[in-house]
Asks: 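One structure, as structure tokens, below. Some questions next.
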Amino acid sequence: MIGRHINNVYKEKELTRDITCANFAHIGTDADQTCYTTLYNLDVIISVGYRVKSQRGMQFRIWANRVLKDYFVKGYAVNERIHKEQIGELRTDR
């Protein structure tokens with residue numbers, strides 16, 4: 001299913017395959033066997049995330065929209081866990 005979405009991203013020319021993915025060869029469990037793995041960049045992940053019609057796809061879109069909104073409104077994104085830890089450290093240093 002995800003493969004179909006990825007192929008449609010390229011077929012519809014939303015993204016360019018040469019720029020957004022890389023193929024890697026590695027030795028399989030048998031020494032004479034070569035396996036190929038394709039890795040995709042963040043652009044592909046986001047495009048597929050907006051195409052998938054499922055509960056998990058919806059969760060991704062909610063998360064992605066929140067992060068993007070933070071970038072636009074604040075000009076940056078903050079890792080909330082790290083931010084809370086830093087605030088806690090500042091309070092204990094006094």
Side-chain angles (χ1 to χ4, degrees):
M1 183 71 145
I2 298 298
R4 185 179 306 151
H5 288 301
I6 292 171
N7 287 333
N8 286 337
V9 165
Y10 295 129
K11 185 172 77 175
E12 295 167 8
K13 298 187 186 324
E14 180 179 341
L15 299 172
T16 305
R17 186 180 302 269
D18 296 342
I19 297 171
T20 58
C21 73
N23 294 311
F24 293 94
H26 53 91
I27 303 300
T29 54
D30 299 332
D32 62 343
Q33 183 182 24
T34 303
C35 298
Y36 296 93
T37 302
T38 303
L39 299 179
Y40 299 95
N41 75 1
L42 184 59
D43 294 331
V44 176
I45 294 167
I46 291 172
S47 293
V48 169
Y50 277 97
R51 290 169 178 261
V52 172
K53 304 291 187 252
S54 69
Q55 182 69 26
R56 192 71 175 137
M58 183 179 68
Q59 291 170 341
F60 170 81
R61 290 186 292 276
I62 291 168
W63 170 83
N65 286 336
R66 187 182 74 241
V67 171
L68 289 171
K69 183 179 177 184
D70 283 347
Y71 272 109
F72 290 133
V73 172
K74 298 177 186 173
Y76 60 91
V78 175
N79 183 318
E80 293 297 325
R81 181 185 55 79
I82 292 173
H83 183 68
K84 287 177 184 176
E85 289 173 6
Q86 290 171 340
I87 289 173
E89 288 173 7
L90 289 171
R91 288 185 177 153
T92 57
D93 287 344
R94 290 181 184 202

Asks: Can you tell me how far apart CG (N23) and OG1 (T37) are? Round to the nearest 0.5 Å.
Replies: 9.0 Å
Asks: Distance check, rounded to the nearest 0.5 Å: I45 atom CD1 versus I6 atom CD1?
Replies: 9.0 Å
Asks: How many angstroms lie between atom OG1 of T20 and atom CG of L42, to the nearest 0.5 angstrom?
Replies: 11.0 Å
Asks: Please report the shortest heavy-atom distance between E14 and S47, naming the atom on each side.
Replies: OE2-OG, 2.8 Å
Asks: With side chain to side chain contact (heavy atoms under 4.5 Å, CB included) as the criterion, how do I82 and Q86 come out once you've worked through the C-alpha distance, each side chain's angles and the decisive distance to 0.1 Å?
Replies: CA-CA 6 Å; I82 292 173; Q86 290 171 340; 3.7 Å; yes
Asks: Treating Ile, Leu, Val, Met, Phe, Trp and Tyr as nodes and any side-chain heavy-atom pair under 4.5 angstrom as an edge, say whether V67 and F60 lie in one connected cluster.
Replies: yes
Asks: Return the NE2 to CD distance between H26 and Q33, rounded to the nearest 0.5 Å.
Replies: 9.5 Å
Asks: Give a yes-or-no answer on whether the side chains of Y10 and D18 include a donor-acceptor pair shorter than 3.5 Å.
Replies: no
Asks: Enter the distance from I19:CD1 to D43:CG here, rounded to the nearest 0.5 Å.
Replies: 9.5 Å
Asks: Tell me the closest heavy-atom pair linking V52 and H5, and the distance in Å.
Replies: CG2-CD2, 3.9 Å
Asks: Are I2 and Y40 grouped together when hydrophobic residues (ILVMFWY) are joined by side-chain heavy atoms under 4.5 angstrom apart?
Replies: yes
Asks: Is there a path from W63 to V48 through hydrophobic residues (I, L, V, M, F, W, Y) whose side chains come within less than 4.5 Å of each other?
Replies: no
Asks: Look at atom NE2 of H83 and say whether more than 12 heavy atoms of other residues, nucleotides or ligands are closer to it than 6.0 Å.
Replies: no
Asks: Take R17 and N7 through the side chain to side chain contact (heavy atoms under 4.5 Å, CB included) test and state the conclusion after the steps.
Replies: CA-CA 9 Å; R17 186 180 302 269; N7 287 333; 3.7 Å; yes
Asks: In this structure, are over 12 heavy atoms from other groups packed under 6.0 Å from R4 atom CZ?
Replies: no
